[in-house]
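Labels below follow one simple rule: chain letters A, B, ... track the order of the sequence lines, proteins then strands, and each chain is numbered from 1. Just so it is clear, the structure is predicted and the values come from calculations on it, not from any experiment.
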2 protein chains.
Amino acid sequence: MNPDIVKERKAATFDVEKLTHILDGGPEKTKRRREIESLVLSDPDFKGEDPNFLSRSERYDQAVRRSAQMILKMREYGIADPDEIYYYKRMVLGNNPEPAGLHYSMFLPTLYRQCAPEQAKKWIPLAESVQILGTYAQTELGHGTHLRGLETTATYDPSTQQFVLNSPTVSSIKWWPGGLGKTSNHAIVLAQLYTLGNCHGLHAFIVPLRDLDTHQPLPGVVIGDIGPKFGFSEVDNGYLKLDNVRIPRENMLMKYSKVEPDGSYVKPPSDKLTYGTMVFIRSMIVGESARALSKACTIAIRYSTVRHQSEIRPGEPEPQILDYQTQQHKLFPLLATAYAFTFVGQYMRQMYNRIIGDIQQGDFSEMPELHALSAGLKAFTTWTSNSGIEVCRMSCGGHGYSQSSGFPDIYVNFTPTCTYEGENTVMMLQTARYLVKSYRQVKAGQQLRGIVSYLNEAEHRRVQPQSVAARPTVVDINDLSSLVEVYKLRAAILVEMAAKSIQQELQRRKSQEDAWNNSSIDLVRASDAHCHYVVVKLFAEKLTEVGVTAIHSVLSTLALLYALHGISNNSGDFLQAGLLTVPQLHLISVRIKELLSQLRPNAVALTDAFDYHDRKLNSVLGRYDGNVYENMFEWARKSPLNATEVHESFHKYLKPLRSKL
Amino acid sequence: MNPDIVKERKAATFDVEKLTHILDGGPEKTKRRREIESLVLSDPDFKGEDPNFLSRSERYDQAVRRSAQMILKMREYGIADPDEIYYYKRMVLGNNPEPAGLHYSMFLPTLYRQCAPEQAKKWIPLAESVQILGTYAQTELGHGTHLRGLETTATYDPSTQQFVLNSPTVSSIKWWPGGLGKTSNHAIVLAQLYTLGNCHGLHAFIVPLRDLDTHQPLPGVVIGDIGPKFGFSEVDNGYLKLDNVRIPRENMLMKYSKVEPDGSYVKPPSDKLTYGTMVFIRSMIVGESARALSKACTIAIRYSTVRHQSEIRPGEPEPQILDYQTQQHKLFPLLATAYAFTFVGQYMRQMYNRIIGDIQQGDFSEMPELHALSAGLKAFTTWTSNSGIEVCRMSCGGHGYSQSSGFPDIYVNFTPTCTYEGENTVMMLQTARYLVKSYRQVKAGQQLRGIVSYLNEAEHRRVQPQSVAARPTVVDINDLSSLVEVYKLRAAILVEMAAKSIQQELQRRKSQEDAWNNSSIDLVRASDAHCHYVVVKLFAEKLTEVGVTAIHSVLSTLALLYALHGISNNSGDFLQAGLLTVPQLHLISVRIKELLSQLRPNAVALTDAFDYHDRKLNSVLGRYDGNVYENMFEWARKSPLNATEVHESFHKYLKPLRSKL
């Protein structure tokens, strides 16, 4: 164990194990997670070569092997609970995805939700037992966000009682689905349904893609891998071109809408029913943001305590780089953010489960709020973590750039969350639509409930942008609940400003749509402020649940840092709105520095509490024992370029070159 | 040609070719650049497989072949001028680096500058003719920024008249130098010089690494590749462990300091002499920031005109995504930044050449300013471009994540500029040191010259943070020179605040060093504001050189957008300092929206003016002809995973799995 990191752990003021319990959701959960993780640790089948040393095809091969092994082993161990599956898979996969991922996250869930009873009987056992392996093919080469724009067609032929599927254009080729290129033999394909000469919009169809025995593509199916990407190297994101592919009528998912044998179409009873999956996945992504950022913080902070560099005082030994104020200022606010997002992730999960329960009771009332909140928070947290990971990487100097640091994998495999399951700007605008609608309801005299209820208050207070001098200052910058109020007022003001911008555009005789588009910068800003408020609020609320004094104390420091750092980074908003004064902002800068010093002794302990096993972190820089350099050297020696002392290119190009010169 | 992009080009209000001349530095330069680029285009030797489809070893092999070919061909074509070499190499290499890069950028230049005459006679012809291939080994596994901390030793043995080189610890292993692992047979090694029992600090030694004929490592030399990285896959960044490696006394570079045969040490006449290279490279990196960002903007803006998505007005066709205000707000300020940095890059180049001329005349007076400016601007521009590239990538939705977009390569090969040649935060603090020193000189009654002369003025005006109400408002937000003034005052105020923070720390009995560290957040902020001011100022000055009215007009719009967007993003600073009022900030938001609309018709033309040939851009999304989707499909089909219809992993793992379930 590196003595620097031992010293750090001794300096901690709280019991790390107890904080881990809070993060896991209770001591039993921590225990069970560790039991499951230890199954992977002791399993020789999962000791393999670092994927970074493999070619893409080898990497895919390794990943398919692991997917297959995981299926068998989880069955053997009786791991079936979603949380436990998650624990197991994350330990096997580390920072990387798996080719069969969409079978579990999209194919099966869609079958569960959209199969009619007869269909469920046929398909679900096949899919659960992995006799068939499926993916979910929605996005097309030319179409993503706007579902109505999808071009793939499914035309019903009553004479054979079949659907005929086609990709009529290049832009209609299905593109991106994970596991589509080489792994899956079935896909749920989203296509425009045509029957009896009418188009009834997007519907889902089960399409067999490959022969179950030979795995050869079926007639009319042109299928393949879309090529190398920034990350997801082990996943065969694929393309699919359909050329008069015929499937039986029964392969349309018919729980809600139907096509009868004669081709007549039966409408679904409600449009809201397909809402659920997206909302679920977006809610889960909030937790993923927390995990990715907390991993990056763990690596950067641990390394910053064993890395010595430069000098603060001449003649003295080189200090730990975490003693530099600039390093603390890069990392501690991100650490605070990782905690904030962890708690927001827990909240979203609970909220989702509660509201889904309500929906099953027929109560849809909270669905719009969940929808708006999951959209905005998905965007807010992924953007923040995305840039935060890179800050962590660059805070480790050159070594952060090595694959051995773990950072490149964490980044490239996380960054798609900003785009998939709803592009972030589009998500922010969806939340803004809800906020503006709520604002207008208040204006029309309605009383709002739920998370937007602050817009009622704002109306009562007649909050308006006004100069600093005009607003009395009652904010206590050391009091978290006072800061929650300030964030709330900022959000209220920015929602109002966005709504007014739309109003002004309308007064200039712009159409509703153009007015919306011409206000969209303000709308995104309002959503951002709303989400920021929600995060500060939920962090503050979480503190009330924490009983252990020492932990309450350190989490309070983190929460205060999170709130004040957010104000400092957006100081223009708070000044413009007259919510804070110039002297207060100066005090906040000073206070932030104090909080950085205050957190310094607990920094490593706060990363230890996330309890990432070295195997899961997969980072030489972030090793628990701090023994970075000898292990980095050992890792490098395994580089495939070192397989021979002299690379063949010397004989082919460099030696001949000399004779030609 | 895609009709959307044809339409865009027709809408432009200026002559693209004339703007290209300005960017190149004159019509002759454009002409010559294109002549050189066409040599590559017509050369069948450089038509090869997309490196993204190759394994790392294949990629390295391809890159070595290209390096060898370039050497022969440039000799054949008589390309020897540094600019022309740059044109040629960039066209061959696209967005990627080459393994032999450091031979030209560091090994040869160091020989030129630090060889004594006898040494120059021996080594320079060998290196110029590539009979020997060298690299520059400074950074160690445990030591980067702080040169005095380097541990490698070179101990003089008078009995044999040799230096004995050693890597005494794991952390002293040389680490990171490009081309060190497999390619080079020599290195300039930086080591602590010991002679007659005394250490004389860091000196440079020419160390043979590999046998010239067999390329086998020489005795005592442990050498290899440091393993896969985020990018630079084709470069063998290497490690080097020296175990009693003996080199002749004459292999120490002795232009300035010397070791005599008897071991006595002769000091260099001045410390400043080794300053030059770093400053040169940092100045050049500013231009690299401009190029990387302008490439990213070219790709994103072109693609945003051929990509149609969603709807603004219901029932109408899907609009070009560049018509969304949020998309313009992401991309146009970055486009403006790319132009700004291009002009700053031109300025740095001219300034460097001028000051180097002065230095050769014995006038060192402007050296500190050049040093401070190149450090800060290197950090300022690389950070901005680094995050800007990712904004561009994510603005292209999922397709930006594909390697075919070019973005991943641009990002991973650019991002090290934030770390190498001086870590960015360290660079900002170096600039801050100069600023605080200058501020103190003013306080002591001195009159400053050069770029920091604004600190004189500030002192006269007694600029201090004060409330909004107290400062009369004379700023015209539509007048660039007025905005330059505002940026200047902001910089002056933040320098003063940082200096005062140090003062306050000293008053609390902190040491100079601790006071500095405890103020470093403020110091970085001051440097950032200083650099921002310099960029706005230089952009404004560049406009005065532009005679063509239509081009002057569009560049003025860009400059205004750059300045106002910077204010809007840092509004807290301007409000806190009382430089702008709340109503002015509101007007600025409105004005920014107008500028976005105003730039919209010229967006594609402004990217065309950078004149990146498709070959150089290497992006399916950024193709000049806009034919994105068919080419993306064609590219994907070449993916190595598509070499067979059925990947072997099916037979190995998936088929057997089914029987086990």
Picking from B:Lys182, B:Arg637, B:Arg75, which has the most non-hydrogen pairs under 4.5 angstrom with chain A?
B:Lys182

The interface call for A:Leu523 against chain B, heavy-atom contacts under 4.5 Å, is neither

Given that the side chain runs from C-beta out, which part of A:Trp516 has a heavy atom under 4.5 Å from chain B: side chain, backbone, both or neither?
neither

Do the two ring centres, one from A:Trp176 and one from A:Phe232, sit under 6.0 Å apart?
no

Heavy-atom proximity to chain B below 4.5 Å, by part of A:Ile173
side chain

Chain B interface, residue from A:Ala63, A:Ser405, A:Gly231, A:Ser568 that has the most non-hydrogen pairs under 4.5 Å
A:Gly231

Select one option (side chain, backbone, both, neither) describing which atoms of A:Leu212 are under 4.5 Å from chain B's heavy atoms.
both

Looking at B:Glu423 and A:Lys330, is there a salt bridge between them, counting it only when a charged N and a carboxylate O are closer than 4.0 Å?
yes

In this structure, OG1 of A:Thr326 is separated from CD1 of B:Ile521 (nearest 0.5 Å) by 8.0 Å

In terms of heavy-atom pairs under 4.5 Å with chain A, which of B:Thr419, B:Val628, B:Asn569, B:Asp514 leads?
B:Asp514

Under 4.5 Å between any side-chain heavy atoms of B:Arg66 and A:Tyr653, yes or no?
no

Please state whether the side chain, the backbone, both or neither of B:Glu390 comes within less than 4.5 Å of a heavy atom of chain A.
side chain

Can you tell whether the side chains of B:Asp61 and A:Lys652 come within less than 4.0 Å, N to carboxylate O?
yes

B:Gly224, B:Pro640, B:Gly398: which one forms the most heavy-atom pairs within less than 4.5 Å of chain A?
B:Gly398

Say whether, by atom type as modelled, one donor and one acceptor occur between the side chain of B:Ser589 and the main chain of B:Leu585 under 3.5 angstrom.
yes

Given heavy-atom pairs under 4.5 angstrom as the criterion, report whether the side chain, backbone, both or neither of B:His308 touches chain A.
backbone

Name the region of A:Tyr239, side chain, backbone, both or neither, that has any atom closer than 4.5 Å to a heavy atom of chain B.
side chain

Under 4.5 Å from any heavy atom of chain B - which part of A:Lys241:
side chain

Around atom NE2 of B:His586, are there more than 12 heavy atoms of other residues, nucleotides or ligands at under 6.0 Å?
no

Under 4.0 Å between a Lys/Arg side-chain N and an Asp/Glu carboxylate O for A:Glu311 and B:Arg148?
yes

With a 4.5 angstrom heavy-atom cut-off, is it the side chain or the backbone of B:Ile592 that approaches chain A, or both, or neither?
neither

Drop me the distance from B:Leu133's CG to B:Ser67's OG, to the nearest 0.5 angstrom.
8.5 Å

Which portion of A:Ser129 sits near chain B, non-hydrogen atoms under 4.5 angstrom
backbone

Heavy-atom distances under 4.5 Å only: say whether A:Val412 touches chain B with side chain, backbone, both or neither.
both

Note: vs chain B, highest number of non-hydrogen pairs under 4.5 angstrom among A:Cys418, A:Pro656, A:Gly144 is A:Gly144

Which value, rounded to the nearest 0.5 Å, describes the distance between B:Ser571 atom OG and A:Gln576 atom CD?
5.0 Å

Contacting region of A:Asn386 [heavy-atom separation from chain B under 4.5 Å]:
side chain

A:Glu58 versus chain B, the contacting section by heavy-atom distance below 4.5 Å
neither

Portion of A:Leu596 that has a non-hydrogen atom of chain B nearer than 4.5 angstrom:
side chain

Could you tell me which portion of B:Gln216 (side chain, backbone, both or neither) has an atom closer than 4.5 angstrom to a non-hydrogen atom of chain A?
both

For B:Tyr60 and A:His647, take the angle between the two ring planes, folded into 0 to 90°, and tell me which bin it lands in: parallel under 30, tilted 30 to 60, perpendicular over 60.
perpendicular

With only heavy atoms counted, which part of A:Tyr401 is less than 4.5 Å from chain B, the side chain, the backbone, both or neither?
both

If I measure from the heavy atoms of chain A, does B:Ser597 come under 4.5 Å with its side chain, its backbone, both, or neither?
neither

Looking at B:His143, B:Arg210, B:Glu630, which has the largest count of heavy-atom pairs under 4.5 Å with chain A?
B:His143

Below 4.5 Å from any heavy atom of chain B, which atoms of A:Val524 appear? Answer side chain, backbone, both or neither.
side chain

So which residue, B:Gly400, B:Pro314, B:Gly149, ends up with the most heavy-atom pairs under 4.5 Å with chain A?
B:Pro314

Short side-chain donor-acceptor distance under 3.5 Å, B:Ser55 and B:Ser57:
no

Taking the basic N atoms (NZ, or NE/NH1/NH2) and the acidic carboxylate oxygens, is any pair closer than 4.0 Å for B:Asp236 and B:Arg56?
no

Heavy-atom distance under 4.5 Å to chain A: side chain of B:Phe574, backbone, both or neither?
neither

Would the distance check show the side chain of B:Asp225 and the main-chain N or O of B:Gly181 forming a donor-acceptor pair, the cut-off being under 3.5 Å?
no

Chain A contact via B:Asp323 - which portion, at a heavy-atom distance below 4.5 Å:
backbone

A:Thr415 vs B:Met394, side-chain contact (heavy atoms from CB on, under 4.5 Å): CA-CA, chis, key distance, verdict:
CA-CA 9 Å; A:Thr415 191; B:Met394 290 192 275; 4.0 Å; yes

Considering only heavy atoms, which portion of A:Pro217 lies under 4.5 Å from any heavy atom of chain B: side chain, backbone, both, or neither?
side chain

Given B:Asn517, B:Val646, B:Val170, the one with more heavy-atom pairs under 4.5 angstrom with chain A than any other is B:Asn517

Check each atom of B:Ile71 against the heavy atoms of chain A and say whether the ones under 4.5 Å are side chain, backbone, both or neither.
side chain

Any salt bridge between B:Asp522 and A:Lys593, counting N to O under 4.0 Å?
yes

Check the orientation of A:His399 and B:Trp175. Use parallel for under 30°, tilted for 30 to 60°, and perpendicular for over 60°.
perpendicular

Identify which part of B:Arg307 has an atom lying under 4.5 Å from any heavy atom of chain A, answering side chain, backbone, both or neither.
side chain

State whether the side chain of A:Gln403 and the backbone N or O of A:Asn52 hold a donor-acceptor pair below 3.5 Å, judged by distance alone.
no

Less than 4.5 Å to any heavy atom of chain A: does that hold for the side chain of B:Leu141, its backbone, both, or neither?
both

